[in-house]
Asker: 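A single structure is presented below for examination.
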Amino acid sequence: MKSCLIVKKYKKNTIEEKIYVRLSKYYKITIINSLSQIFSIILKNKFDLIIFDSPNPISKLSLFKKIKNNSQSPILLITKTKNETILMRCLLNGIDEYVINPSNEKDLLIEIKDLIDLNLKKTKYIFHYKNITLNMHSLQIFSSSGSIKLFKKEAEILKFLFEHPNKIYTRKELYTRIWNQPYYNDNNTINVHIFRLRKKIQMLDSRTNYIVTGRGQGIYLSK
């Protein structure tokens, strides 16, 4: 069953409660009322869709953008506003689609299904591990404390490790996979990239260990 995260800060929102109840017949629904909970939830769970029920979304533009950078889930805005300028700014800041005052369950279900189906066709570019999110489009890593830009090869190394969290790789294996060229015992290239990568990750999450470079054991992600 597909899952949806619904964010509704106020008790009286755009959608009547009975429509949410009906949606639960088709989707696994998680509802939160606190904006401060969003990032801890999306970092720990994978949602097929995030629904923002917000009568006046103009104050949430930076939040929409931050969520888009930290999650690959499409974002659907449910709103009362008909202001075209506000709606356009929402689209430019991370919202994938909006619905104005949905009057019935059928209209909303159609919009939800279309967004989920469209997102499944997209190439994966968001990767998570522990408290860090990697965005390969922007070449940035994110955590609840901020974001840092990566060099292209740093991002490629981290993506590769995130995709293979249970494997240990020698410097030769990493080099040939990331640079796609023969390895001539050039440990310095890998060492420099790993050093910079670990330093940047520690700036976002200093309490958690991510990349291990054990002597004689290769390079791997810390459990």
Side-chain angles (χ1 to χ4, degrees), residues 1-129 133-138 140 142 159 162-163:
M1 181 180 284
K2 302 296 183 183
S3 62
C4 295
L5 173 65
I6 298 175
V7 184
K8 51 191 297 295
K9 187 175 181 181
Y10 307 103
K11 292 183 178 180
K12 292 184 178 180
N13 281 49
T14 308
I15 308 178
E16 295 182 22
E17 289 296 329
K18 61 183 180 181
I19 295 184
Y20 282 134
V21 173
R22 290 172 186 164
L23 286 178
S24 64
K25 295 179 183 178
Y26 310 98
Y27 299 96
K28 181 181 178 182
I29 301 294
T30 301
I31 299 178
I32 61 172
N33 302 104
S34 172
L35 298 181
S36 62
Q37 292 179 286
I38 294 176
F39 292 102
S40 63
I41 290 178
I42 64 175
L43 287 175
K44 294 177 182 177
N45 303 275
K46 181 180 179 181
F47 294 98
D48 296 288
L49 179 67
I50 298 173
I51 299 175
F52 258 92
D53 186 353
S54 178
N56 183 20
I58 190 66
S59 63
K60 300 179 180 66
L61 296 181
S62 60
L63 180 62
F64 295 153
K65 192 169 186 178
K66 190 174 180 180
I67 291 173
K68 182 58 69 175
N69 283 329
N70 282 274
S71 172
Q72 204 164 328
S73 305
I75 304 174
L76 174 64
L77 172 66
I78 310 296
T79 185
K80 289 181 178 179
T81 185
K82 296 181 180 179
N83 185 304
E84 292 185 0
T85 301
I86 291 177
L87 293 172
M88 180 57 67
R89 290 183 67 185
C90 289
L91 291 172
L92 292 173
N93 282 276
I95 293 298
D96 293 278
E97 190 55 87
Y98 60 83
V99 177
I100 301 172
N101 286 331
S103 57
N104 58 67
E105 169 193 357
K106 183 179 178 181
D107 291 342
L108 191 56
L109 279 173
I110 291 173
E111 200 64 58
I112 288 173
K113 184 179 184 302
D114 287 346
L115 270 179
I116 291 177
D117 289 346
L118 179 63
N119 193 58
L120 290 174
K121 298 176 183 178
K122 292 181 179 179
T123 303
K124 185 177 182 182
Y125 64 92
I126 299 288
F127 301 86
H128 301 285
Y129 192 74
T133 298
L134 167 67
N135 186 319
M136 288 301 293
H137 279 186
S138 62
Q140 289 177 289
F142 298 84
K159 171 180 175 288
F162 277 13
E163 289 179 317

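Along the sequence shown, residues are numbered consecutively beginning with 1. Just so it is clear, the model here is predicted, and its values are computed rather than measured.
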Asker: As a quick check of understanding, evaluate side chain to side chain contact (heavy atoms under 4.5 Å, CB included) for T30 and F47, giving each step before the final call.
Answerer: CA-CA 9 Å; T30 301; F47 294 98; 3.8 Å; yes

Asker: Measure the spacing between CZ of F64 and CG of L92 and express it to the nearest 0.5 Å.
Answerer: 12.5 Å

Asker: Under a 3.5 Å cutoff, is there a donor and acceptor pairing between the side chains of T81 and T79?
Answerer: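 There is no such pair (donor and acceptor under 3.5 Å, judged by atom type) between the side chains of T81 and T79.
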
Asker: For the backbone of K65 and the side chain of N93, can you confirm whether one donor and one acceptor N or O come within less than 3.5 Å of each other?
Answerer: no

Asker: Look at the aromatic rings of Y125 and H137 and report parallel, tilted or perpendicular, splitting at 30° and 60°.
Answerer: parallel

Asker: Show your working on side chain to side chain contact (heavy atoms under 4.5 Å, CB included) between I29 and L5 and close with a plain yes or no.
Answerer: CA-CA 6 Å; I29 301 294; L5 173 65; over 6 Å; no

Asker: Got a salt bridge between K28 and D48, using NZ or NE/NH1/NH2 to carboxylate O under 4.0 Å?
Answerer: no

Asker: Check whether NZ of the Lys or CZ of the Arg K66 lies under 6.0 Å from the centre of the six-membered ring of F142 and within 45 degrees of that ring's axis.
Answerer: no

Asker: Between S71 and K68 (side chain of the first, backbone of the second, donor and acceptor by atom type, cut-off under 3.5 Å), is there such a pair?
Answerer: no

Asker: Could you check whether any side-chain N or O of N33 sits under 3.5 Å from a backbone N or O of K8, counting only pairs where one atom can act as donor and the other as acceptor?
Answerer: yes

Asker: For I58 and L61: C-alpha separation, side-chain torsions, deciding distance, then whether side chain to side chain contact (heavy atoms under 4.5 Å, CB included) applies.
Answerer: CA-CA 6 Å; I58 190 66; L61 296 181; 3.8 Å; yes

Asker: Work out which heavy atom in K25 is nearest to a heavy atom in M1; give both atom names and the distance.
Answerer: O-CE, 4.2 Å

Asker: Apply side chain to side chain contact (heavy atoms under 4.5 Å, CB included) to residues Y27 and K113 and explain how you reach the verdict.
Answerer: CA-CA 10 Å; Y27 299 96; K113 184 179 184 302; 4.1 Å; yes

